[in-house]
*Asks:* 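Handing you this structure, nothing more for now.
Labels below follow one simple rule: chain letters A, B, ... track the order of the sequence lines, proteins then strands, and each chain is numbered from 1.
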6 protein chains.
Amino acid sequence: MACVIQVINPNTSQAMTDTIAGAARRAAAPGTEIAAVCPSQGVPSIEGHFDEAVATLGVLEQVRLGKAQGVDGHIIACFGDPGLLAARELARAPVVGIAEAAMHMATLVATRFSIITTLPRTLVIARHLLQRYGFEHHCAALHAIDLPVQALEDPHGMAQHKVREQCIQARRQDGCGAIVLGCGGMADLAQTLTRELDMPVIDGVSAAVKMVEALAGLGLSTSKHGDLDYPLDKPLTGAFSHLR
Amino acid sequence: MACVIQVINPNTSQAMTDTIAGAARRAAAPGTEIAAVCPSQGVPSIEGHFDEAVATLGVLEQVRLGKAQGVDGHIIACFGDPGLLAARELARAPVVGIAEAAMHMATLVATRFSIITTLPRTLVIARHLLQRYGFEHHCAALHAIDLPVQALEDPHGMAQHKVREQCIQARRQDGCGAIVLGCGGMADLAQTLTRELDMPVIDGVSAAVKMVEALAGLGLSTSKHGDLDYPLDKPLTGAFSHLR
Amino acid sequence: MACVIQVINPNTSQAMTDTIAGAARRAAAPGTEIAAVCPSQGVPSIEGHFDEAVATLGVLEQVRLGKAQGVDGHIIACFGDPGLLAARELARAPVVGIAEAAMHMATLVATRFSIITTLPRTLVIARHLLQRYGFEHHCAALHAIDLPVQALEDPHGMAQHKVREQCIQARRQDGCGAIVLGCGGMADLAQTLTRELDMPVIDGVSAAVKMVEALAGLGLSTSKHGDLDYPLDKPLTGAFSHLR
Amino acid sequence: MACVIQVINPNTSQAMTDTIAGAARRAAAPGTEIAAVCPSQGVPSIEGHFDEAVATLGVLEQVRLGKAQGVDGHIIACFGDPGLLAARELARAPVVGIAEAAMHMATLVATRFSIITTLPRTLVIARHLLQRYGFEHHCAALHAIDLPVQALEDPHGMAQHKVREQCIQARRQDGCGAIVLGCGGMADLAQTLTRELDMPVIDGVSAAVKMVEALAGLGLSTSKHGDLDYPLDKPLTGAFSHLR
Amino acid sequence: MACVIQVINPNTSQAMTDTIAGAARRAAAPGTEIAAVCPSQGVPSIEGHFDEAVATLGVLEQVRLGKAQGVDGHIIACFGDPGLLAARELARAPVVGIAEAAMHMATLVATRFSIITTLPRTLVIARHLLQRYGFEHHCAALHAIDLPVQALEDPHGMAQHKVREQCIQARRQDGCGAIVLGCGGMADLAQTLTRELDMPVIDGVSAAVKMVEALAGLGLSTSKHGDLDYPLDKPLTGAFSHLR
Amino acid sequence: MACVIQVINPNTSQAMTDTIAGAARRAAAPGTEIAAVCPSQGVPSIEGHFDEAVATLGVLEQVRLGKAQGVDGHIIACFGDPGLLAARELARAPVVGIAEAAMHMATLVATRFSIITTLPRTLVIARHLLQRYGFEHHCAALHAIDLPVQALEDPHGMAQHKVREQCIQARRQDGCGAIVLGCGGMADLAQTLTRELDMPVIDGVSAAVKMVEALAGLGLSTSKHGDLDYPLDKPLTGAFSHLR
């Protein structure tokens with residue numbers, strides 16, 4: 001049974017969309033097709049709540065398009081999981097964020113995990129997600145490499161080096177059993193680091209692909225009973241009129 | 001010292017904007033000017049995460065405009081406080097949501113409060129805010145009148161009646177000492193209900209006006225040290241390009 | 001790539017092992033082989049902490065055997081997830097409990113879920129797991145049908161009827177968006193109930209199969225860095241000597 | 001509309017009462033009159049639970065006097081908020097503690113704040129208040145300058161210097177966006193430090209003045225429905241007979 | 001080794017002091033001497049925060065006296081544990097409150113307990129103690145018989161009847177395994193109810209006697225390292241001068 | 001009244017059983033008899049979840065034997081409290097774990113305590129117990145001396161030295177008022193360290209003895225109403241058949 005997963009990079013960077021698409025395809029099961037997209041308009045990278053708010057609209061537009069195409073699941077491929085519950089309202093198929101996917105997976109292979117993210121200002125987003133998802137007790141520590149997201153677009157640059165350094169230090173000091181990479185742009189580092197550190201280093205993009213495959217395989221879709229029901233039918237106006 | 005507070009109704013309903021503006025003006029101190037606005041485009045009412053996501057963009061546009069006009073504070077007048085942290089990044093002046101304002105005030109006059117909201121699907125939003133703001137232990141119960149937001153636009157309709165009934169029942173059964181009205185459209189009911197029930201019934205719009213006056217009076221503005229710093233300067237494209 | 005998943009029914013009931021095996025096979029991907037086992041000695045059903053303690057030894061023995069056979073993952077198919085962390089120490093491959101699998105999945109398709117279990121005395125076990133896994137805020141309510149586990153072995157008996165009744169009531173009253181079936185013996189009810197109630201009713205056995213497939217597909221195994229490292233090598237004596 | 005706020009310094013130090021009165025008056029709105037008082041008997045400074053217990057009686061006596069004079073609100077100007085709930089029972093007008101006022105305000109302008117207090121033994125009091133008020137997640141760190149409260153009475157002494165040093169260090173290391181000054185005796189440092197550090201440094205005395213003004217402006221008084229109702233009428237004997 | 005335990009009834013009721021003394025003596029080990037006292041001035045019963053604040057001073061005075069007499073431990077025999085931490089600062093010997101003693105004991109014999117108290121307005125005090133002591137998850141439910149404390153002074157009155165009725169109902173409905181009696185005046189009901197209900201019904205007075213005996217037997221006294229160190233030496237004035 | 005307490009060392013080390021028995025006997029009241037036992041088969045030390053699972057069976061067998069002998073209480077003398085709830089199901093008399101006993105006692109003499117354990121991999125067990133028992137807020141820090149349990153069997157070895165060093169450091173740095181020794185093998189260090197550090201250093205073995213004496217003295221036994229009721233009567237097979 002073929003399964004089409006729409007992987008939505010919430011920012012407008014084609015380079016990061018490619019990185020994410022690559023990681024998603026490497027993780028996909030034989031029968032899974034990855035449709036990697038990004039919004040045509042929005043922000044080139046997401047490093048704060050304002051960026052998230054803008055990117056959320058792009059996510060919702062892509063979910064609407066993917067739904068019209070009949071995809072079997074949607075992935076929000078930014079570590080803040082922007083627009084997750086709004087997307088779940090819009091969709092019938094499962095919607096999974098890469099932060100939640102990575103965190104869930106991490107709790108299955110270790111008692112505590114550390115998170116490594118980009119700029120310090122994004123730490124609060126990860127903290128809020130830990131609280132919302134219920135994983136505060138499972139997080140040993142949070143670290144920021146203090147470089148912007150786009151620094152990860154240079155595949156051999158300083159950012160990759162700093163992620164690796166931070167992973168090694170977290171392994172030594174945090175008392176963690178796994179590491180969660182806190183940015184979609186780090187997706188292609190997970191496998192190498194897992195081998196090098198000999199401990200699970202988890203990328204949310206590939207984790208989310210497997211999570212959507214799992215939900216689809218179970219025939220589970222987003223609950224339409226209760227508070228994730230479709231948005232009430234009301235006239236959207238102006239720049240938002242295409243969203244319904 | 002004159003103080004201008006921008007009260008943003010995140011939905012596009014002029015009727016509700018008027019209700020909110022009225023409540024805000026009644027609460028305002030002599031020197032305070034209320035600039036009540038709503039987005040020119042978006043959703044006519046907010047009853048879920050999707051609606052919130054769309055409305056957030058309107059909120060941010062209004063914050064940007066208000067900031068350009070030099071207002072002394074911004075209020076997000078929808079009980080889900082949509083876009084609160086994003087707005088705080090954008091603004092220098094204080095930004096207060098009506099849910100947080102009402103909840104904070106309630107904890108100062110009672111050990112526990114109950115919340116009365118509109119549709120059951122909005123309860124999850126209130127629950128998430130209680131968790132985020134730290135007030136889970138201060139909430140005795142949450143209730144929904146099971147009518148949509150717009151039913152409140154008829155000032156003598158069934159919705160007002162149901163809010164009142166629910167307040168009376170909460171007073172009798174919940175073990176609460178105060179009630180928080182969970183919708184901007186209920187703003188003009190608070191004073192009457194406070195008198196009738198002889199207990200604090202708190203409307204977030206007026207609470208937020210006083211909270212912004214308080215912050216402005218202290219000379220406190222949104223912290224620009226750390227994770228609420230201005231959004232990083234990056235090219236916003238398409239329908240969002242005007243937001244920077 | 002073929003994937004062999006060992007599904008361990010921690011009790012000694014062959015009937016329940018068959019039910020579990022059936023649910024696991026229906027959930028398994030084409031390339032997945034299900035090796036369903038149960039201990040040769042122990043308890044015929046698990047309805048309390050004492051039963052769990054006894055069953056844990058059987059689980060560990062089976063994990064040891066499965067590991068020797070080179071399986072790609074282990075499932076502990078009792079809703080209390082007995083011996084989960086001990087099994088993770090013993091194994092290299094992923095180990096997933098059916099309670100955690102069902103709970104994780106439920107949080108991905110609904111904001112809150114209800115749990116339906118067998119005897120009231122097992123509720124405390126579910127409560128403790130919710131606390132340990134971090135899902136207390138995601139659980140709307142817990143219910144017990146007040147029949148023992150073995151009542152589920154009669155496929156058309158009163159127990160199935162009571163589970164269905166309880167599901168219908170939970171849907172109406174709990175404010176939940178999904179239901180988690182709290183016993184391995186309910187595994188074959190999930191699909192029918194999902195259709196009938198038009199909301200996700202989640203069985204942990206099939207959820208765990210997909211979760212292990214997901215972990216295996218990602219190449220993630222149980223972390224051996226830190227507190228899930230292999231048990232220290234020490235002489236086990238008496239009835240336990242075969243466990244090392 | 002004139003508003004009279006009774007600012008109660010729970011200790012007997014006239015110097016600290018003056019500092020607090022000054023901060024309160026600088027914060028007060030034009031129509032607000034500050035009536036700064038301290039008990040005639042009690043402890044000269046509050047640095048522990050015993051001191052708080054003694055000071056609470058002085059607070060209650062002052063609340064009783066203020067109520068007889070018809071004040072519009074009461075402030076408990078010691079960072080442990082001693083006697084807060086007892087005072088709320090006694091009063092009809094709003095009662096606000098400076099710790100709660102400062103913490104509430106801080107959550108409106110920053111995602112996390114740090115607290116700077118005097119002796120290490122007072123840290124537990126601040127921790128307990130964070131738990132009670134619900135702000136544990138909003139507190140980045142707690143620090144003590146390790147000098148007694150009275151060291152702050154010398155306006156140019158070592159204590160002020162240490163507070164400033166600690167603020168600078170907290171700004172650099174804690175990941176906080178605001179600082180809460182944890183002693184009424186630090187009230188006059190907030191404005192200077194806010195400017196110097198370019199981040200909100202919040203004094204509870206001025207915060208409480210604005211909070212009471214806000215509550216009074218809304219016509220909100222302490223709830224007399226439920227557990228903050230007036231103390232039951234019973235014969236107080238001995239040294240306490242004047243309290244009723 | 002003789003052990004003298006000072007049992008302090010924080011209110012001024014001699015009848016209740018006698019009830020408490022009786023329960024304490026029945027619980028005491030052969031070598032334990034019970035010195036039951038109550039303040040000479042204060043409140044005749046404690047049903048709120050104001051009452052607690054007044055009673056705390058009486059507690060502290062008695063602790064001071066008991067310490068001068070060289071008692072081996074102090075018990076605060078009111079279910080709100082008024083002045084507990086202040087008394088610990090003052091004392092060197094162990095100080096135990098009857099609420100904490102009962103709650104601790106209850107968690108050792110049941111997974112969850114219910115609390116039965118007097119007036120509804122005292123429920124908030126019990127809730128705050130559950131939070132402070134860490135037993136929120138161990139409490140199944142809280143109930144109030146809606147009669148004042150002094151109604152318990154008539155040993156065959158309505159209050160005893162209502163406590164019994166409430167216990168029976170809690171046993172049937174709460175899912176609890178034990179009941180904690182939430183008032184010192186209920187001390188003599190515990191044994192009879194334990195027998196009648198065939199489940200642990202725990203009185204804090206006797207529980208605290210055993211807890212102090214336990215601490216004394218271990219040679220454990222209140223820690224004087226850190227925040228429970230003796231109050232700093234400062235001049236107490238007026239009605240409080242005798243407290244140092 | 002003579003009281004017989006069965007002290008179960010869950011591991012098979014006779015040396016550690018002797019250490020534990022010694023500590024228990026020193027703590028016991030004159031009328032208390034200590035019956036110290038260890039399983040005939042199992043693990044020689046417990047340093048992880050697997051070890052705990054194996055040891056639990058030995059604990060249960062000993063509880064069954066002790067119950068047949070009519071003991072008045074059971075102690076599980078390993079800091080992880082392995083098999084605690086299962087043992088409570090099996091027993092009628094009180095069952096107390098040494099971790100819970102030590103933690104409960106610590107909260108009665110200090111606001112926060114630190115824990116010192118053996119290998120770092122056991123820290124997660126202590127963390128889980130803190131969560132389960134409700135004492136997370138009462139724990140200032142956890143430390144591991146990074147030596148295995150058996151290193152404590154040499155009474156003058158490096159392990160004792162490291163425990164002492166760690167205690168001194170915790171006293172200086174953690175802001176704790178008491179220390180909990182996190183291993184049954186440290187039982188004989190508590191008194192000396194309490195004297196040397198002049199703060200409570202608490203050993204769980206002696207704490208548990210006093211706790212069981214306290215419960216027995218109150219006539220409180222494990223609740224058989226609800227989820228700690230005796231295990232349901234079912235045929236245990238194979239190596240477990242003797243457990244019923």
*Asks:* Hey, could you give me the CG/CZ distance between A/L228 and C/R112, rounded to the nearest 0.5 Å?
*Replies:* 12.0 Å
*Asks:* Using heavy-atom distances under 4.5 Å, tell me whether A/V209 contacts chain C through its side chain, its backbone, both, or neither.
*Replies:* neither
*Asks:* Side chain, backbone, both or neither: which part of C/A207 has a non-hydrogen atom closer than 4.5 Å to chain A?
*Replies:* both
*Asks:* Atom CD in A/E213, atom CD in C/E213: separation rounded to 0.5 Å?
*Replies:* 9.0 Å
*Asks:* Mind listing the closest non-hydrogen atom pair of C/A214 and A/K210 along with its distance?
*Replies:* CB-CB, 3.4 Å
*Asks:* Pick whichever of C/S221, C/G226, C/G97 has the most heavy-atom pairs under 4.5 Å with chain A.
*Replies:* C/S221
*Asks:* Please classify the contact of A/P94 with chain C as side chain, backbone, both or neither, using a heavy-atom distance under 4.5 Å.
*Replies:* neither
*Asks:* Which residues in residues 164-193 of chain C have any heavy atom closer than 4.5 Å to a heavy atom of chain A?
*Replies:* C/R171, C/C176, C/G177
*Asks:* Quick check: closest heavy atoms across C/H225 and A/M199, and the distance to 0.1 Å?
*Replies:* CD2-CE, 3.7 Å
*Asks:* Looking only at non-hydrogen atoms, find the nearest pair between A/Y133 and C/F135 and report the distance.
*Replies:* O-CE2, 3.7 Å
*Asks:* Side chain, backbone, both or neither: which part of A/R195 has a non-hydrogen atom closer than 4.5 Å to chain C?
*Replies:* neither
*Asks:* Taking heavy atoms only and a threshold strictly under 4.5 Å, list by residue number the residues of residues 101-111 of chain A that touch chain C; give 'none' if the list is empty.
*Replies:* A/H104, A/M105, A/T107, A/L108, A/V109, A/A110, A/T111
*Asks:* Side chain to side chain contact (heavy atoms under 4.5 Å, CB included), that's the test. Do C/M211 and A/M211 meet it? Break it down for me.
*Replies:* CA-CA 7 Å; C/M211 215 59 126; A/M211 216 59 126; 3.8 Å; yes
*Asks:* What part of A/A28 is in contact with chain C, defined as an atom under 4.5 angstrom from a non-hydrogen atom: side chain, backbone, both or neither?
*Replies:* neither
*Asks:* How many angstroms lie between CG in C/L215 and CD1 in A/I202, if you round to the nearest 0.5 Å?
*Replies:* 8.0 Å
